[in-house]
Amino acid sequence: MISNFICPTEIFLGAGSLKQIKAIIQQEQFRRAMIVTDKGVLNAGLIQPIMDELAEVNCEASVFDGVEPNPTDIVVNQAFVALTNERPDLLIAVGGGSSMDTAKAIGILATNGGDIIDFRGVGKVKEPILPVIAIPTTAGTGSEVTTVTVITDTKMKLKYSVGGRNVAARWALVDPELTLTVPPHVTAATGVDALTHAIEAFTSKMSYSVTDSLAKESIRMIAENLRTAVYQGNNLEARSKMLEGSLIAGLAFNNAKLGLCHALCNPLGAHFNVPHGVANAILLPHSTRFNLPARTAKYAEVAKLMGESTEGLSLSEAAEKAVTAIERLIKDVNVPAKLSLVGVTEDFLPRMVEECADNPLVSINPRTATKDDLLQIYKNAF
Ligand SMILES: [Fe+2]
């Protein structure tokens, strides 16, 4: 069997890597940048130092700070209006997955025209997008190195992805110093998203040696460092490991894909605006328990990577310990762990089943899931 691995993005990793921005701009002779971010990042003071760097190399800059969690078609259109007015030759996404996904989306529209929904699916973006420098400020989505953007359609109440070789940032500046001020609840939820990427990539039907190596290292790093990053926010080493863990989980899942948990999460974002990481935290223990029989040996390895002792246990007993480890980590970092705590009502569960049953991630999940199975998982998570 032939496997392939895609990462079109050049990555600079480590404390201080933000400083590479000047070299990139000079090398490519960019003249006019638009920074795509949210008000939280702006108010945290992370944008001004970037503006200062740009000024030093005579690159003009404007700021669009209207990004919101679970970015919608409305936000994308607003950002695209700003792009049309400012006519940048470079987009700089500063923030979590929402800022990076918004920047990718308007980068698509800038060179391909149309509406973002026109590009739903994989491979529909024919022209390379406007160049994007992705600067993550949370350790979570891995969007800085993935070839996908996830957008919520407000009319259809649908969270969908646009993917393909062209849907990638050209550069990722992965600098842990930018994550030091992220509040504990955001650190926790985004960290669980990264963990979910690593676990779903590792247990995916499409996983293979290269993605497994990345996913395993990511699981270990996140399990070892998430608690410290949440409770000692200024610990640069823990922040560094978390950002590296989310980056390599991004590389892994961009190639091995995800699974049931992410499929189950989408309706929570689309209908209830549940932060993506919180949705993962609610559903990961339940989707993992469902998947155990289909990937027993790999889940036994997940348990070990997360620090569980599996000595003397049968393979299936060891695999169960993966669920224990996941539940304990989520409890320790204090993310809401039930659907009923985030505004979902029980009568809405069947509609969410209908919406996620068509998600391609269900069909590539290691264990076949019927609609009854999906409903039962939602009920268990309720
Ligand atoms: Fe995710």
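All values reported here derive from a predicted model rather than from experimental measurement. Note that ligands are numbered from 1 as they come in the structure, with each ligand's atoms numbered from 1 the same way.
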Asker: Quick check: does H276 have an N/O/S atom under 2.8 Å of the Fe ion (ligand 1)?
Answerer: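 Yes, H276 qualifies, because one of its backbone or side-chain N, O or S atoms lies under 2.8 Å.
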
Asker: Within the side chain of N234, is there an N or O that forms a donor-acceptor pair under 3.5 Å with the backbone of L180?
Answerer: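 No; zero donor-acceptor contacts below 3.5 Å.
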
Asker: From the options K159, E68, K157, select the one residue that forms a side-chain contact (heavy atoms from CB on, under 4.5 Å) with T152.
Answerer: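 Single side-chain contact (heavy atoms from CB on, under 4.5 Å) partner of T152 among K159, E68, K157: K159.
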
Asker: Apply salt bridge (charged side-chain N to carboxylate O under 4.0 Å, His left out) to residues R31 and E60 and explain how you reach the verdict.
Answerer: CA-CA 6 Å; R31 308 304 308 165; E60 287 182 46; over 6 Å; no

Asker: For the Fe ion (ligand 1), what is the closest N, O or S atom on H262?
Answerer: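 H262's closest N, O or S atom to the Fe ion (ligand 1) is named NE2.
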
Asker: Just give me the atom name: the N, O or S atom of D193 closest to the Fe ion (ligand 1).
Answerer: OD1

Asker: Do K216 and F202 form a cation-pi contact, if we require the NZ or CZ to be under 6.0 Å from the six-membered ring centre and within 45 degrees of the ring's axis?
Answerer: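 Geometry flag: not set, cation outside 6.0 Å or 45°.
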
